[in-house]
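Everything numeric here is computed off the predicted structure, so don't read it as measured data.
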Amino acid sequence: MNSASAISSDFLERIADPASRFHPDYLSYRNREITKQELVRRLPHVALLGDSVCMGIYISSPWSTFWRAHTSRGRHWFADAGDRHAGIRSVSKRLEEITPFVVTQYAGVGAMVDREGCRPELFRRVLGTLNFSGQISQLLRAIRFPDLILILIGHNNVDWAWRCPSDELNAPEARLNAQSKQFRQNYARELRPLLRRARIEKHRVAVVVFGLINFESYFEGREAAERLRESDRRRYPHLETTYKYLISFHPAYRRNLIRLASMVNEDLRGMVVDLNRELESTGNIQLRYSHSLATADLSRAELLHPIDGWHASVEGHNVLADSAILDQAWNFSKFATQR
């Protein structure tokens, strides 16, 4: 799936204001000294890498899911292309109050932190999904390297029961440890080329690695949705469809999924510490781990989508947006004011 970019809709009007820090660029554009394309390149740029948590999507019939996977982009916790006075109170809407900018989304349905040289499974290829390595490769080909890179990926990697040998289902300790270790190694391997590219850029680059969502509270919300469906089968009509894609969402396997997600988050935190040691002599890169989404309270059924009871509802995306902006306010503020 190709990346998709969006520019603040009123950016020309805003930078035409003499008070705008981009007004000199606007004058150069108006005087035909630079093209509109070059003008856009001078705006702040954000990149979002991730899985379906970074998309406004839900699962239903195969064909409907296929269509949404290829068309659903801008209605989620970070970016909402809808009316700024309704719907999702996204991070991008709040950021646009400070500055116009360009956001490029690379996230895809079912995206994973993949092993080196591993070909995506058939259903991911059908959906056009790029795993983490593919998203990084696309970003590295961009002419304009972002000022701010947000990464939220790994939720499909904690499906520990998928392809699990039967003798390990009741004794998964070794499997969980091995998966967490492999996840960290794969994530760091893919992140290093991105950091090497950022090192040679002339502008400052901030990279935020988000921990996985709070699965413990999430499953409380999921259980509430399951109870509602038991009393009224019209509710959450594709709730059981989840199990076709994530085996570990079955109640019997949830406890160990929660454990693995917690292990993964600690590994991400440790990975960022290690990578920052490698970046000590680099002045233009800021790499940070954020635990904000890992502590967001997702324990209410209304935070889950009314169709699949799996992905976030509008209100669920609002909870994620609130958590992200509160924790990352200083990062977003620095991004919005840098030149």
- Intermediate values then yes/no, side-chain hydrogen bond (donor to acceptor under 3.5 Å, both in side chains), Asp267 and Ser180: CA-CA 7 Å; Asp267 275 328; Ser180 181; 2.3 Å; yes
- Could you check whether the rings of His291 and Tyr289 sit parallel, tilted or perpendicular, using 30° and 60° as the cut-offs? tilted
- Query: Would a 4.5 Å heavy-atom cut-off, applied to side chains only, mark Arg204 and Asp147 as touching?
  - Reply: no
- Could you grab the distance from atom CD1 of Ile258 to atom CG of Leu212, nearest 0.5 Å is fine? 12.5 Å
- Shortest non-hydrogen contact from His238 to Ile59? CB-O, 3.5 Å
- Message: What verdict does the side chain to side chain contact (heavy atoms under 4.5 Å, CB included) test give for Phe132 and Met112, after you've listed the backbone C-alpha separation in whole Å, the side-chain angles of each residue and the deciding distance to 0.1 Å?
- Response: CA-CA 6 Å; Phe132 194 36; Met112 300 180 69; over 6 Å; no
- Message: Could you check whether any side-chain N or O of Ser290 sits under 3.5 Å from a backbone N or O of Phe210, counting only pairs where one atom can act as donor and the other as acceptor?
- Response: no
- Decide salt bridge (Lys or Arg N to Asp or Glu O under 4.0 Å) for Lys93 and Glu97; before the verdict, give the C-alpha distance in whole Å, the side-chain angles of both, and the deciding distance to 0.1 Å. CA-CA 7 Å; Lys93 283 182 178 178; Glu97 295 174 2; over 6 Å; no
- Message: Applying salt bridge (Lys or Arg N to Asp or Glu O under 4.0 Å) to Arg235 and Glu230, what does each step give before you reach the verdict?
- Response: CA-CA 9 Å; Arg235 305 285 297 272; Glu230 286 176 4; over 6 Å; no
- Walk me through it: do Gln185 and Arg189 pass the test side-chain hydrogen bond (donor to acceptor under 3.5 Å, both in side chains)? CA-CA 6 Å; Gln185 292 173 348; Arg189 184 192 65 248; over 6 Å; no
- Message: Do Ile200 and Leu148 sit in one hydrophobic cluster, given that two such residues count as connected whenever their side-chain heavy atoms are within less than 4.5 Å of each other, even indirectly?
- Response: no
- Give a yes-or-no answer on whether the side chains of Ser90 and His76 include a donor-acceptor pair shorter than 3.5 Å. no
- Item | SG-CZ distance between Cys164 and Arg175, expressed to the nearest 0.5 angstrom | 4.0 Å
- Might you confirm whether atom CD of Glu266 has over 12 heavy atoms from other residues, nucleotides or ligands at distances under 6.0 Å? yes
- Atom CG of Asn170 with >12 non-hydrogen neighbours under 6.0 angstrom: no
- Between Glu190 and Ser133, does any side-chain donor sit less than 3.5 Å from a side-chain acceptor? no
- Task: Could you check Arg222 against Asp308 for salt bridge (Lys or Arg N to Asp or Glu O under 4.0 Å), going step by step and ending with a plain yes or no?
- Result: CA-CA 10 Å; Arg222 172 85 178 183; Asp308 64 6; over 6 Å; no
- Write down the atom of Ser248, the atom of Trp162, and the distance for their closest heavy-atom approach. OG-N, 4.4 Å
- Min side-chain heavy-atom separation Ile34-Arg42 under 4.5 Å: yes
- Task: Indicate yes or no: at least one non-hydrogen side-chain atom of Val109 is less than 4.5 angstrom from one of Ile57.
- Result: yes
- What are the two closest heavy atoms between Ala107 and Asp51, and how far apart are they? CB-O, 3.7 Å
- Message: Between Val209 and Leu150, does the side chain to side chain contact (heavy atoms under 4.5 Å, CB included) criterion hold? Intermediate values first, please.
- Response: CA-CA 6 Å; Val209 173; Leu150 306 177; over 6 Å; no
- Query: So do the side chains of Phe183 and Leu260 get within less than 4.5 Å of each other, counting heavy atoms only?
  - Reply: no
- Message: Could you measure the distance from the CZ atom of Arg41 to the NZ atom of Lys36? Nearest 0.5 Å is fine.
- Response: 13.5 Å
- Residue pair Glu226 / Leu239, side-chain heavy-atom distance below 4.5 Å: yes
- Pair Glu201 + Arg196, salt bridge at N-O below 4.0 Å: no
- Note on the structure: Shortest non-hydrogen pair, Ala111 vs Leu130, comes out as CB-O, 3.5 Å
- Report whether Val207 and Leu140 are members of the same hydrophobic cluster (ILVMFWY, side-chain heavy atoms less than 4.5 Å apart, transitive linking). yes
- Query: Hey, is CZ on Phe11 packed in by over 12 heavy atoms from elsewhere, all under 6.0 Å?
  - Reply: yes
- Ring centroid separation for Phe219 and Phe249, is it under 6.0 angstrom? yes
- Taking atom types as modelled, is there a side-chain donor on Ser217 or Ser299 under 3.5 Å from an acceptor on the other? no
- Message: If the threshold is 4.0 Å, N to carboxylate O, is there a salt bridge linking Glu315 and Arg300?
- Response: no
- Message: Classify the ring geometry of His305 against Tyr58: parallel below 30°, tilted from 30° to 60°, perpendicular beyond 60°.
- Response: parallel
- Message: Using ring centroids (six-membered ring only for Trp), state whether Tyr243 and His250 fall under 6.0 Å.
- Response: yes
- Item | Ile151 side chain near Val208 side chain, heavy-atom distance below 4.5 Å | no
- Query: His311 and Ser52: side-chain hydrogen bond (donor to acceptor under 3.5 Å, both in side chains), yes or no, with the steps?
  - Reply: CA-CA 8 Å; His311 293 92; Ser52 59; 3.0 Å; yes
- Item | Step-by-step salt bridge (Lys or Arg N to Asp or Glu O under 4.0 Å) determination, Arg277 to Asp274 | CA-CA 5 Å; Arg277 292 195 185 101; Asp274 290 345; 2.7 Å; yes
- Query: How many angstroms lie between atom CZ of Phe78 and atom CD1 of Ile325, to the nearest 0.5 angstrom?
  - Reply: 8.0 Å
- Item | Test item: side-chain donor near acceptor, Gln182 and Asn186, under 3.5 Å | yes
- For His203 and Asn284, work out which heavy atoms get closest and say how close. O-ND2, 3.2 Å
- side chain to side chain contact (heavy atoms under 4.5 Å, CB included) between Leu275 and Arg192, intermediate numbers included: CA-CA 8 Å; Leu275 289 174; Arg192 282 192 172 92; 3.8 Å; yes
- Query: Quick one: are Leu195 and Glu278 in side-chain contact, heavy atoms under 4.5 Å?
  - Reply: no
- Hey, can you tell me if Tyr245 and Trp310 have their rings parallel, tilted or perpendicular (30° and 60° cut-offs)? tilted
- Task: Indicate, with yes or no, if the rings of Tyr26 and Phe22 have centres closer together than 6.0 Å.
- Result: no
- Query: What distance separates Tyr106 OH from Cys54 SG, expressed to the nearest 0.5 Å?
  - Reply: 13.5 Å
- Other residues, nucleotides, ligands: >12 heavy atoms within 6.0 Å of Gln37 CD: no
- Query: Are Tyr29 and Ile7 joined in one hydrophobic group, where the rule is that I, L, V, M, F, W and Y side chains link up if heavy atoms are under 4.5 Å apart?
  - Reply: yes
- Close side-chain approach of Leu152 and Trp77, heavy atoms under 4.5 Å: yes
- Message: If you apply the rule side chain to side chain contact (heavy atoms under 4.5 Å, CB included), what do you find for Ile15 with Asp25, and how did you get there?
- Response: CA-CA 8 Å; Ile15 66 177; Asp25 300 313; 5.8 Å; no
- Message: Give me the atom names and distance for the closest heavy-atom approach of Ile136 to Leu49.
- Response: CD1-CD2, 3.6 Å
- Spatial distance of atom OH (Tyr236) from atom CD1 (Ile307) [nearest 0.5 Å]: 10.0 Å
